[in-house]
Amino acid sequence: QVQPVESGGGVVQAGGSLLLSCATSGRAFSTYTMGWFRHAPGKEREFVASVSRSGVTTFYTDSVKGRFTISRDNAKNTVYLQMNSLKPEDTAVYYCAAGRVNTRALGGYDYWGQGTQVTVSS
C-alpha cells in the first residue's frame, strides 16, 4: 500500500513551466505504475500521463505530448511531472495515483493523492 502526496502546484503565466512531485509512503513504490490525472472545473477527471514500474514505458494524453514529461525515482519513492509551455487550458487540480497496470483508465489506479492546484494565466 502507498499513499501519494503531491506538491509543486502554483500559478504560472502561459508559456511557463512547473515541476510537480509526488512522494509516496510505503516500501512497495517500485511495484506500482504511477499516473498523473487532472480535474478542471466543469470537466471530468482525465488522464495526463503514466509511467511503468521500471520507468521505461510512458503514456501521455495527446494534448500534453511534447510539453509534459513524466519520470520516477524509485530510490526516492517519487514520481515527477515536468510541465513546459503551459497553456491556460492546463489549469486544473492535478492528482497522482498508484496502480498495478500501466493504463490510462482511472479505474486502474488504487491509491490517490489529495491533488495540487495548477493555474495558468493568459
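Because the structure is predicted, anything quoted here is derived from the model rather than measured.
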message: Working note: Val5 + Ser7, criterion side chain to side chain contact (heavy atoms under 4.5 Å, CB included); need CA distance, chi angles, decisive distance, verdict.
response: CA-CA 7 Å; Val5 178; Ser7 62; over 6 Å; no

- prompt: Would you say the side chain of Gln3 lies within less than 4.5 Å of the side chain of Ser25, judging by non-hydrogen atoms?
  reply: yes

Partners meeting side chain to side chain contact (heavy atoms under 4.5 Å, CB included) with Thr57 (sequence neighbours left out): Ser52, Phe59, Asn102

field: CA sep, side-chain torsions, deciding dist, call: Arg38, Glu46, side chain to side chain contact (heavy atoms under 4.5 Å, CB included)
entry: CA-CA 5 Å; Arg38 64 187 179 187; Glu46 66 170 353; 2.6 Å; yes

task: Could you walk me through whether Tyr109 and Ser50 pass side chain to side chain contact (heavy atoms under 4.5 Å, CB included), step by step?
output: CA-CA 11 Å; Tyr109 294 84; Ser50 65; 3.4 Å; yes

message: If I take atom OG1 from residue Thr24 and atom CD from residue Gln1, how far apart are they, to the nearest 0.5 angstrom?
response: 11.5 Å

message: Quick one: does any side-chain atom of Thr116 pair with a main-chain N or O of Gly9 as donor and acceptor, under 3.5 Å?
response: yes

Under the salt bridge (charged side-chain N to carboxylate O under 4.0 Å, His left out) test, residues paired with Arg67 that sit two or more places apart: Asp90

- request: Begin with the C-alpha distance, continue with both residues' side-chain angles, and end with the deciding distance and a verdict on side-chain hydrogen bond (donor to acceptor under 3.5 Å, both in side chains) for Arg100 and Thr31.
  value: CA-CA 7 Å; Arg100 292 297 188 180; Thr31 68; 3.2 Å; yes

field: Residues which pass salt bridge (charged side-chain N to carboxylate O under 4.0 Å, His left out) with Lys43, listed by chain and number, not counting sequence neighbours
entry: none

message: Return the CD to CD distance between Gln114 and Glu6, rounded to the nearest 0.5 Å.
response: 7.5 Å

- prompt: Just wondering, do Arg72 and Tyr80 contact through their side chains at under 4.5 Å, heavy atoms?
  reply: no

- request: Check the pair Gln82 / Ser71 against side chain to side chain contact (heavy atoms under 4.5 Å, CB included), numbers first and verdict last.
  value: CA-CA 8 Å; Gln82 176 67 50; Ser71 62; over 6 Å; no

- prompt: With ILVMFWY side chains joined below 4.5 Å, transitively, what does Val64's cluster contain besides itself?
  reply: Val2, Val12, Leu18, Leu20, Phe29, Tyr32, Met34, Trp36, Val48, Val51, Tyr60, Phe68, Ile70, Val79, Leu81, Met83, Leu86, Tyr94, Tyr111, Val118, Val120

task: Please list, chain by chain and in numerical order, all residues satisfying ring pair (Phe, Tyr, Trp, His ring centres under 6.0 Å) with Phe47, sequence neighbours excluded.
output: Phe37

message: Looking at every heavy atom in both Ala14 and Ser122, which two are closest together, and how far apart are they?
response: CB-CA, 4.4 Å

field: Closest non-hydrogen atom pair, Ser85 against Ser17
entry: N-OG, 4.3 Å

query: Hydrophobic clusters join Ile, Leu, Val, Met, Phe, Trp and Tyr when side-chain heavy atoms are under 4.5 Å apart, directly or via other members; which others share one with Val56?
result: none

